[in-house]
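Numbers restart at 1 for each chain; the letters A, B, ... are given by sequence-line order, proteins then strands.
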Amino acid sequence: MSDKRPFYVTTPIYYVNDVPHVGHAYTSLACDAIARFKRLDGYDVHFLTGTDEHGQKIEKSSAAAGMGPQAYADKVSETFRSLVGTMGFSPDGFIRTTEARHRAACQALWEKLKAAGDIYEGKYAGWYAVRDEAFYAESETEKGPDGARRATASGAEVEWVEEPSYFFRLSAWGERLLAYYEANPRFIAPESRRNEVLSFVRSGLQDLSVSRTSFKWGVPVPGDPKHVMYVWLDALTNYITECGYPDTTHRLARFWPADLHVVGKDIIRFHTVYWPAFLMAAGVAPPRRVYAHGWWTNEGQKISKSLGNAIDPVALVGEYGLDQVRYFLLREVPFGADGDFNRRALIGRINSDLANAYGNLCQRTLSIVAKNCNGRVPARGPATEADEALLGRARSLLATLRDEFEEQALHRALIGLWETIADANRYVDAQAPWALAKTDPARRDTVLWVLMDAIRRVTLLVQPFMPGSTARILDQLGVPADKRDFAAFDVELPAGRELPTPSGVFPRHIEPKPAG
RNA sequence: GGGCCCGUAGUUCAGCGGUUAGAACGAGCCGCUCAUAACGGUUAUGUCGCAGGUUCGAAUCCUGCCGGGCCUACCA
């Protein structure tokens with residue numbers, strides 16, 4: 001239906017045992033900026049997010065909440081769905097693992113793996129801690145002086161438990177995975193994560209338990225309904241469920257293989273080892289790229305449930321503004337690295353980068369236009385060297401940003417954009433259009449036109465990061481709605497177009513005076 | 001234990017073999033007055049973690065040490 005090139009980007013599906021926090025918001029935000037950039041650049045984008053709703057924890061949490069697991073999942077899934085609105089995300093699909101289409105896809109994938117001989121029946125055995133409701137590897141436990149074995153991390157007593165389970169023959173896929181990494185050097189990013197995965201796979205893979213009989217809340221194993229599929233086989237499959245798997249004629253089938261899975265660094269292995277192994281075993285192409293981002297700390301402190309210092313994105317947006325938060329999260333930390341969330345830095349970004357540099361550039365330019373040019377786009381005259389320098393820089397931005405988005409270097413994209421904003425502010429001072437207004441109105445108009453065009457180009461490219469604010473700026477510049485994608489990057493503003501009265505887009509953030 | 005990464009101005013970081021080590025924020029001084037008291041110019045501070053080594057030359061390569069982080073499988 002479209003001859004545009006497809007681009008498929010996904011967030012992980014979020015587990016509904018948790019309430020949304022900045023970590024979730026951050027992953028989705030990065031995907032959102034990427035999806036928006038690609039749409040503006042003419043791709044047919046499919047951006048998928050959703051919720052993971054199966055498993056023992058949901059079964060238990062829902063019972064504790066006095067409701068059925070589906071009702072419970074419905075409720076929590078809804079909080080994730082509402083985050084989409086709060087954060088201004090633009091997903092094209094929202095998938096839930098409890099949907100019938102997902103059950104069908106998981107079962108189809110299972111049958112394929114079974115038929116290929118990559119699934120066999122065995123016995124899952126391990127050290128189980130009742131208190132933690134978790135299995136531990138032998139190396140994660142130790143024997144105490146009383147002879148009882150305990151989980152090293154939690155101190156909970158563990159017991160040896162065995163249950164029947166199906167296994168995926170992951171051990172057979174090590175060499176083929178390494179060959180895939182070798183042939184597709186961009187598959188895992190950033191580089192440091194790739195190294196980790198490589199060394200993990202080289203160290204040898206064990207078969208993977210992919211079913212459980214100890215709980216019911218999951219996708220039943222075809223032909224053996226005592227079992228439900230266990231975590232990753234269920235969760236990861238969502239990415240192809242969306243594309244209609246196993247129906248290759250589905251309207252979204254053309255989006256597979258995914259161009260990009262964005263994940264937190266904690267689940268990189270599942271996406272770069274298990275997932276491509278499952279897919280290759282089933283005869284499906286693996287995704288093109290998996291990018292793992294880092295974690296946020298809160299004012300220098302590790303975020304943890306026990307500290308109760310989770311950051312609520314909804315509160316954040318309420319206090320500082322949506323685009324301000326979006327900008328901060330993507331600008332403050334190199335995408336891929338860990339970062340610290342702190343108020344001083346956030347307020348610094350809001351005031352320095354947004355209010356003083358960008359917002360004020362727009363405001364000072366547009367108010368001179370409003371006062372001197374009768375509120376219309378001025379006409380340009382011959383360009384000077386200084387004009388060409390600024391315009392040349394602004395023109396080169398699109399190509400640069402394309403490269404940076406190819407690498408998910410979102411922070412570098414923003415840095416480059418802001419360098420041009422700084423150039424433009426220097427240009428205003430050097431050209432002093434307020435003085436030209438008295439001596440050389442034609443030259444004044446040229447200067448203002450140059451500024452407006454530089455701002456227009458920068459703003460076009462800032463759209464993926466701050467869609468709301470940039471829309472307002474483009475309105476004030478008189479850029480029509482159909483001239484805001486990158487195809488219109490070189491469509492310059494026609495002189496004489498009437499402009500609305502300018503008004504500030506990025507207010508300074510003034511900290512409320514703390515008591516005492 | 002094994003593997004990977006990091007330690008550079010007050011702060012966050014760039015630089016990864018070649019003249020006097022850079023940027024941003026913050027601080028001081030000067031200028032401008034179009035603008036959200038915003039903007040521009042300028043000044044300042046660094047034994048580039050420590051100790052050896054390779055080299056004509058090292059923040060940049062090698063070794064050791066100190067300090068910090070991450071990975072080392074079935075919690076999403």
Side-chain angles (χ1 to χ4, degrees), chain A residues 12-18 23-24 51-58 97 124 126 132-137 139-140 153-154 165 167-168 170 190-210 212 230-235 264-270 273-274 294-295 332-334 337-340 342 344-345 348-349 351-372 411-412 415 418-419 422 424-437 444 447-448 451 502-510:
Chain A
I13 45 174
Y14 302 117
Y15 200 49
V16 295
N17 200 41
D18 206 357
H24 302 113
T51 46
D52 181 8
E53 308 184 1
H54 286 139
Q56 190 167 30
K57 281 190 182 172
I58 305 307
T97 56
Y124 180 65
D132 300 344
E133 295 169 20
F135 279 91
Y136 292 97
S139 60
E140 291 176 309
S154 69
S165 170
F167 282 82
F168 174 73
L170 185 65
E191 199 62 29
S192 55
R193 299 295 159 203
R194 184 168 193 270
N195 292 341
E196 285 178 9
V197 172
L198 251 51
S199 87
F200 172 76
V201 175
R202 285 199 188 109
S203 73
L205 299 173
Q206 298 169 20
D207 289 350
L208 199 64
S209 167
V210 289
R212 284 297 133 96
Y230 189 55
V231 264
W232 295 106
L233 192 62
D234 175 346
K265 65 181 184 182
D266 55 326
I267 53 175
I268 184 74
R269 189 171 61 233
F270 311 117
V273 181
Y274 302 178
W295 288 110
E332 182 66 7
V333 172
D338 289 344
D340 182 46
N342 70 79
R344 248 195 326 284
R349 292 282 174 210
N351 289 341
S352 300
D353 296 2
L354 297 182
N356 296 353
Y358 186 29
N360 187 52
L361 171 67
C362 297
Q363 184 68 4
R364 67 196 301 210
T365 300
L366 289 168
S367 66
I368 305 174
V369 171
K371 285 177 193 161
N372 292 278
H411 68 294
R412 270 201 278 128
I415 289 170
W418 258 255
E419 280 169 358
N425 269 318
R426 274 187 284 274
Y427 174 90
V428 181
D429 276 41
Q431 301 302 318
W434 55 89
L436 292 170
R444 172 204 65 198
V447 166
L448 293 173
L451 279 166
S503 72
V505 170
F506 295 112
R508 287 179 63 80
H509 179 86
I510 310 297

Nucleotide forming a Watson-Crick or wobble pair with [N], both distances under 3.5 Å:
{"N": "B:G1", "result": "B:U72"}
{"N": "B:G64", "result": "B:C50"}
{"N": "B:A59", "result": "none"}
{"N": "B:U45", "result": "none"}
{"N": "B:C39", "result": "B:G31"}
{"N": "B:A21", "result": "none"}

Rounded to whole Å, please give me the gap between [atom1] in [X] and [atom2] in [N].
{"X": "A:Leu354", "N": "B:C25", "atom1": "CG", "atom2": "P", "result": "13 Å"}
{"X": "A:Phe200", "N": "B:A73", "atom1": "CZ", "atom2": "P", "result": "7 Å"}
{"X": "A:Phe167", "N": "B:C74", "atom1": "CZ", "atom2": "P", "result": "12 Å"}
{"X": "A:Leu451", "N": "B:C34", "atom1": "CG", "atom2": "P", "result": "16 Å"}
{"X": "A:Tyr230", "N": "B:A73", "atom1": "OH", "atom2": "P", "result": "15 Å"}
{"X": "A:His411", "N": "B:C25", "atom1": "NE2", "atom2": "C1'", "result": "17 Å"}
{"X": "A:Trp418", "N": "B:A23", "atom1": "CH2", "atom2": "C1'", "result": "17 Å"}
{"X": "A:Trp232", "N": "B:C75", "atom1": "CH2", "atom2": "P", "result": "10 Å"}

The side chain of [X] is closest to which nucleotide in this list: [options]?
{"X": "A:Ala355", "options": "B:C34, B:C74, B:U36", "result": "B:U36"}
{"X": "A:Gln363", "options": "B:A35, B:C74, B:C70", "result": "B:A35"}
{"X": "A:Ser367", "options": "B:G41, B:A35, B:U33", "result": "B:A35"}
{"X": "A:Glu196", "options": "B:C39, B:C71, B:C74", "result": "B:C71"}
{"X": "A:Arg508", "options": "B:A38, B:C34, B:A73", "result": "B:A38"}
{"X": "A:Lys57", "options": "B:C34, B:G3, B:C75", "result": "B:C75"}
{"X": "A:Asp429", "options": "B:U33, B:U36, B:G31", "result": "B:G31"}
{"X": "A:Asn360", "options": "B:A38, B:G3, B:A73", "result": "B:A38"}

- Using only heavy-atom distances, decide whether a donor-acceptor pair under 3.5 angstrom links the side-chain of A:Asn356 to the base of B:A38. no
- Would you indicate, yes or no, if B:U72 has its OP1 or OP2 atom less than 4.0 angstrom from a side-chain nitrogen or oxygen of A:Arg269? yes
- Do the side chain of A:Asp52 and the main chain of A:Tyr14 share a donor and acceptor less than 3.5 angstrom apart? no
- Message: Strictly distance-based, threshold 3.5 Å: is any side-chain N or O of A:Ser199 a donor or acceptor partner for the main-chain N or O of A:Glu196?
- Response: yes
Could you tell me whether [X] contacts a base, only the sugar-phosphate backbone, or nothing, with contacts defined as non-hydrogen atoms closer than 4.0 Å?
{"X": "A:Val197", "answer": "nothing"}
{"X": "A:Leu205", "answer": "base"}
{"X": "A:Asn17", "answer": "nothing"}
{"X": "A:Ser209", "answer": "base"}
{"X": "A:Tyr124", "answer": "base"}
{"X": "A:Gly359", "answer": "base"}
{"X": "A:Gly339", "answer": "nothing"}
{"X": "A:Arg193", "answer": "sugar-phosphate"}
{"X": "A:Ile268", "answer": "nothing"}

Using the [atom1] atom as the point on both nucleotides, what is the distance between [M] and [N], in whole Å?
{"N": "B:U33", "M": "B:C13", "atom1": "P", "answer": "39 Å"}
{"N": "B:U42", "M": "B:C32", "atom1": "C1'", "answer": "14 Å"}
{"N": "B:G15", "M": "B:G2", "atom1": "P", "answer": "30 Å"}
{"N": "B:G7", "M": "B:G46", "atom1": "C1'", "answer": "15 Å"}
{"N": "B:A37", "M": "B:A58", "atom1": "C1'", "answer": "47 Å"}
{"N": "B:U43", "M": "B:A21", "atom1": "P", "answer": "15 Å"}
{"N": "B:G28", "M": "B:C34", "atom1": "C1'", "answer": "26 Å"}
{"N": "B:C4", "M": "B:U12", "atom1": "P", "answer": "27 Å"}

- Task: For A:Gly348 and for A:Lys371, find the nucleotide of RNA chain B with the closest heavy atom, then tell me which residue's nucleotide is more 5'.
- Result: A:Gly348
- Task: Assign each of A:Ser199 and A:Asp353 to its nearest nucleotide of RNA chain B by heavy atoms, then name whichever residue's nucleotide is nearer the 5' end.
- Result: A:Ser199
Nearest non-hydrogen partners of [X] and [Y], listed with the distance:
{"X": "A:Arg444", "Y": "A:Pro433", "value": "CG-O, 3.7 Å"}
{"X": "A:Asp338", "Y": "A:Gly294", "value": "OD1-CA, 3.2 Å"}
{"X": "A:Ala424", "Y": "A:Leu361", "value": "CB-CD2, 3.6 Å"}

- Message: Salt bridge check, A:Asp429 against A:Arg364: does any charged N sit closer than 4.0 Å to a carboxylate O?
- Response: yes
- A:Tyr427 and A:Val447, any side-chain heavy atoms less than 4.5 Å apart: yes
- Query: Does some side-chain heavy atom of A:Leu205 sit less than 4.5 Å from a side-chain heavy atom of A:Phe200?
  - Reply: yes
- Task: Can you label the angle between the A:Trp232 ring and the A:Phe270 ring as parallel, tilted or perpendicular, going by 30° and 60°?
- Result: parallel
